[in-house]
J.: 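First, the structure itself, so that you have it in front of you.
One-based numbering, in listed order, for ligands and for the atoms of each. Everything quoted here is computed from the prediction, not taken from an experiment.
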Amino acid sequence: MKTLFIYYSNSGNGELVKEYYEKLGYDTRRVEPKNGLPKGMFLQMMVGGMLAGMNHKSKLKDFNYDISEYDEIIIGSPIWNGRLACPINTILNNINLDNKKLTFILYSGGGSAPKAVKKINKKYNAKVIEIQQPKKYPDNLNKLAQ
Ligand SMILES: Cc1cc2nc3c(=O)[nH]c(=O)nc-3n(C[C@H](O)[C@H](O)[C@H](O)COP(=O)(O)O)c2cc1C
């Protein structure tokens with residue numbers, strides 16, 4: 001079984017999840033928005049939170065959407081305003097995940113995001129793992145072994 005981890009990270013928590021999966025030998029692809037969030041926590045929260053609330057889809061730098069060689073896809077997203085991050089919205093809008101074993105890893109400040117989980121469960125038959133930001137709580141990476 002071949003597995004690909006597709007992820008976005010604004011502030012490095014997703015990178016720790018990527019390193020975890022790299023050690024397992026999984027391929028990884030980082031999603032890069034054309035325009036990142038502004039600098040400064042307050043502005044980031046305002047802009048990112050508002051856009052996520054609108055289900056905005058970020059414009060991305062080149063992304064390889066071909067996942068035909070993989071049986072399993074794992075998608076990693078930070079939680080913004082209780083929702084998936086905007087660069088991940090773009091991926092989900094443009095990729096066909098039918099017939100793939102699917103898992104979502106949601107990393108957030110609080111460690112739980114019921115709105116995002118509800119939305120995922122409505123659309124996908126997927127496992128969802130929620131973790132609290134691993135930069136601050138590295139033990140949370142153990143949950144990925146679930
Ligand atoms: C715009 C924005 C909105 C956020 N909203 C939430 C939220 O609603 N709930 C929460 O628990 N954490 C929230 N956070 C915190 C991030 O989800 C958390 O720090 C996450 O681990 C970041 O992942 P990253 O470092 O890979 O970007 C928010 C962060 C940003 C930048």
J.: Would you mind telling me which of Leu92, Ile105, Leu106 makes a side-chain contact (heavy atoms from CB on, under 4.5 Å) with Ile75?
T.: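 In the set Leu92, Ile105, Leu106, the residue that makes a side-chain contact (heavy atoms from CB on, under 4.5 Å) with Ile75 is Leu92.
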
J.: Look at the rings of Trp80 and Tyr8 and say which category their plane angle falls in: under 30° parallel, 30 to 60° tilted, over 60° perpendicular.
T.: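 Ring orientation, 0 to 90° scale: perpendicular.
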
J.: Could you tell me how the ring of Tyr65 sits relative to the ring of Phe63: parallel (under 30°), tilted (30 to 60°) or perpendicular (over 60°)?
T.: perpendicular

J.: List of N/O pairs, ligand 1 versus protein, all under 3.5 Å?
T.:
| unit_1 | atom_1 | unit_2 | atom_2 | d |
| --- | --- | --- | --- | --- |
| ligand 1 | 5 (N) | Ile79 | O | 3.3 |
| ligand 1 | 5 (N) | Asn81 | N | 2.9 |
| ligand 1 | 8 (O) | Asn81 | N | 3.2 |
| ligand 1 | 8 (O) | Gly82 | N | 2.8 |
| ligand 1 | 11 (O) | Gly109 | N | 3.1 |
| ligand 1 | 11 (O) | Gly110 | N | 2.8 |
| ligand 1 | 12 (N) | Gly109 | N | 3.1 |
| ligand 1 | 14 (N) | Ile79 | O | 3.2 |
| ligand 1 | 17 (O) | Ile79 | N | 3.4 |
| ligand 1 | 17 (O) | Ile79 | O | 2.7 |
| ligand 1 | 17 (O) | Tyr107 | O | 3.4 |
| ligand 1 | 19 (O) | Gln133 | OE1 | 2.8 |
| ligand 1 | 21 (O) | Asn13 | ND2 | 3.4 |
| ligand 1 | 25 (O) | Ser11 | N | 3.2 |
| ligand 1 | 25 (O) | Ser11 | OG | 2.5 |
| ligand 1 | 25 (O) | Gly12 | N | 3.1 |
| ligand 1 | 25 (O) | Asn13 | N | 2.9 |
| ligand 1 | 25 (O) | Asn13 | ND2 | 2.8 |
| ligand 1 | 26 (O) | Ser9 | OG | 2.6 |
| ligand 1 | 26 (O) | Asn13 | N | 3.3 |
| ligand 1 | 26 (O) | Gly14 | N | 2.8 |
| ligand 1 | 27 (O) | Asn10 | N | 2.7 |
| ligand 1 | 27 (O) | Ser11 | N | 2.9 |
| ligand 1 | 27 (O) | Ser11 | OG | 3.4 |

J.: Same cluster for Val128 and Ile91 if Ile/Leu/Val/Met/Phe/Trp/Tyr side chains link at under 4.5 Å?
T.: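 Yes, because Val128 and Ile91 connect within a single hydrophobic cluster, where side-chain heavy atoms sit under 4.5 Å apart.
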
J.: May I ask you to decide whether Lys2 forms a salt bridge with Glu72, counting only side-chain N to carboxylate O separations under 4.0 Å?
T.: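 Result for this pair is no, no salt bridge flagged.
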
J.: Nearest heavy-atom pair of Ile88 and Gly76: which atoms, and what distance?
T.: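 Result for this residue pair: CD1-O, 3.5 Å.
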
